[in-house]
Q: 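Okay, here's the structure, questions in a sec.
For clarity, every value in this text was computed on a predicted model and none was experimentally measured. Count residues from 1 along the sequence.
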Amino acid sequence: ADRVHVYENGPGADGGMVGRLRFEWTAPGIAAQIDNPLAQELAHDTPAAGRWVSTLGKGEALHAVIREMPEAERELAASLGVRAVLMVPILVDDVWWGGISFVDARTERAWNDVDVQALRVVAGALGTAIRRTRHEEALRDSGERLQGAVESLQEEFALFDAEDRLVVCNSAFRRRHPVAE
């Protein structure tokens with residue numbers, strides 16, 4: 001592929017859903033599109049996006065060469081330097097998070113089943129990484145809330161595990177019982 005794009009779904013400025021270009025890789029000699037306003041946010045409710053949103057939203061891959069695309073898609077693809085594209089949805093907890101696309105900017109490449117399956121593996125790995133990051137952030141946030149609640153107690157407080165190891169304590173406990181941090 002000449003370019004690889006990762007798009008993330010989210011609300012646009014007008015409240016409608018958009019796909020935001022988050023990451024881009026380009027082959028040597030291929031113009032980047034990440035700073036192109038047309039590529040930065042692709043509104044889901046446009047004629048150029050309708051077929052893509054419908055297909056990707058169902059968890060299915062979509063690929064096309066420019067000459068076979070409907071007119072609205074052809075115009076957008078041409079303005080972004082796309083001759084052929086393969087896009088696979090990225091799912092996080094079975095919800096359509098966004099997509100990853102392989103773009104051929106030089107030829108009208110025919111994507112085969114091996115290409116689609118390879119990109120599905122990549123999209124699956126990205127979905128797993130995003131889910132793991134979300135869970136780590138939630139765990140960190142809940143730990144910070146717990147520590148805040150424990151610190152708000154006036155009395156000494158300490159929680160030990162089954163092996164008598166200190167799990168969490170507040171500053172009142174630490175003042176009276178110095179512990180190694």
Q: Where is the tightest heavy-atom contact between Val18 and His44, given as atom of each residue plus distance?
A: C-NE2, 3.5 Å
Q: Quick check: is Leu86 connected to Val4 through a chain of hydrophobic side chains (ILVMFWY, heavy atoms under 4.5 Å apart)?
A: yes
Q: Between Glu60 and Lys58, is there a salt bridge with N-O shorter than 4.0 Å?
A: no
Q: How many angstroms lie between CZ in Arg145 and CD in Gln147, if you round to the nearest 0.5 Å?
A: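 These two atoms lie 13.0 Å from each other.
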Q: Mind checking the CD-CG spacing from Glu71 to Leu76? Nearest 0.5 Å is all I need.
A: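 The distance works out to 12.5 Å.
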Q: With the 4.5 Å side-chain cut-off for hydrophobic clustering, are Trp96 and Val122 part of the same group?
A: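 In one cluster with Trp96: Val122, no.
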Q: Output yes when a side-chain donor or acceptor of Tyr7 lies under 3.5 Å from a complementary backbone atom of Ser101, and no otherwise.
A: no
Q: To the closest 0.5 Å, what do you measure between CG (Leu21) and CG (Asp35)?
A: 9.0 Å
Q: Backbone N or O of Met17 within a donor-acceptor pair of the Asn9 side chain at under 3.5 Å?
A: no
Q: So which heavy atom on Ala72 is nearest to which on Ala48, and how close?
A: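 Scanning both residues, the minimum pair turns out to be O-CB, 3.6 Å.
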Q: Salt-bridged, Arg109 to Asp115, with N to O below 4.0 Å?
A: yes
Q: Would you say Val53 ends up clustered with Trp97 if hydrophobic residues are merged whenever their side chains have heavy atoms under 4.5 Å apart, either directly or through other cluster members?
A: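 Different clusters.
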Q: Taking the side chain from Gln33 and the backbone from Ala39, do they hold a donor-acceptor pair closer than 3.5 Å?
A: no
Q: With ring centroids as reference points, do Trp52 and His63 lie under 6.0 angstrom apart?
A: no
Q: So, taking the atom named CZ in Arg120 and the one named CD1 in Ile90, what distance separates them when rounded to the nearest 0.5 Å?
A: 12.0 Å
Q: Say you draw a straight line from CD1 of Ile30 to CD of Glu24; how long is it, rounded to the nearest 0.5 Å?
A: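 CD of Glu24 is found 10.5 Å from CD1 of Ile30.
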Q: Examine distances only and state if a side-chain atom of Asp2 and a backbone atom of Ala105 form a donor-acceptor pair shorter than 3.5 Å.
A: yes
Q: Are Ile34 and Leu126 in one and the same hydrophobic cluster, where Ile, Leu, Val, Met, Phe, Trp and Tyr link if side-chain heavy atoms are under 4.5 Å apart?
A: no
Q: Run the side-chain contact (heavy atoms from CB on, under 4.5 Å) test on Val85 and Asp104 for me, step by step, so that the C-alpha distance in whole Å, both residues' side-chain angles and the decisive distance to 0.1 Å come before the verdict.
A: CA-CA 6 Å; Val85 62; Asp104 197 320; over 6 Å; no
Q: If hydrophobic clusters are built by linking Ile, Leu, Val, Met, Phe, Trp and Tyr wherever their side-chain heavy atoms come under 4.5 Å apart, do Leu38 and Met69 end up in the same one?
A: yes
Q: List the steps and the verdict of side-chain contact (heavy atoms from CB on, under 4.5 Å) for Arg175 and Ser171.
A: CA-CA 6 Å; Arg175 278 193 299 275; Ser171 55; 3.7 Å; yes
Q: If you take all heavy atoms of Ala123 and Pro89, which pair is closest and at what distance?
A: CB-O, 3.5 Å
Q: Check whether any side-chain N or O of Asp93 sits under 3.5 Å from a backbone N or O of Val95 as a donor-acceptor pair, and report yes or no.
A: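 A pair under 3.5 Å: no.
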Q: Between Arg3 (side chain) and Ala31 (backbone), is there a donor-acceptor pair under 3.5 Å?
A: yes
Q: Are any side-chain N or O atoms of Arg22 and backbone N or O atoms of Val6, one a donor and one an acceptor, separated by less than 3.5 Å?
A: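 Not confirmed, Arg22 side chain does not pair with Val6 backbone.
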Q: Quick check against the 3.5 Å criterion: does Arg51 have a side-chain atom that pairs as donor or acceptor with the backbone of Leu62?
A: no
Q: For the pair Glu8 and Arg20, find out whether any cationic side-chain nitrogen is under 4.0 Å from an anionic carboxylate oxygen.
A: no
Q: Do you know which two heavy atoms are closest between Phe160 and Phe173, and how far apart they sit?
A: CZ-CZ, 4.1 Å
Q: Set out, in order, the CA-CA distance, both residues' side-chain angles and the distance that settles side-chain contact (heavy atoms from CB on, under 4.5 Å) for Glu108 and Ile66, then state yes or no.
A: CA-CA 7 Å; Glu108 289 189 351; Ile66 193 168; 3.1 Å; yes
Q: Please test Arg174 against Glu151 for salt bridge (charged side-chain N to carboxylate O under 4.0 Å, His left out), starting from the C-alpha separation and ending with a verdict.
A: CA-CA 11 Å; Arg174 286 191 299 275; Glu151 282 298 331; 2.8 Å; yes
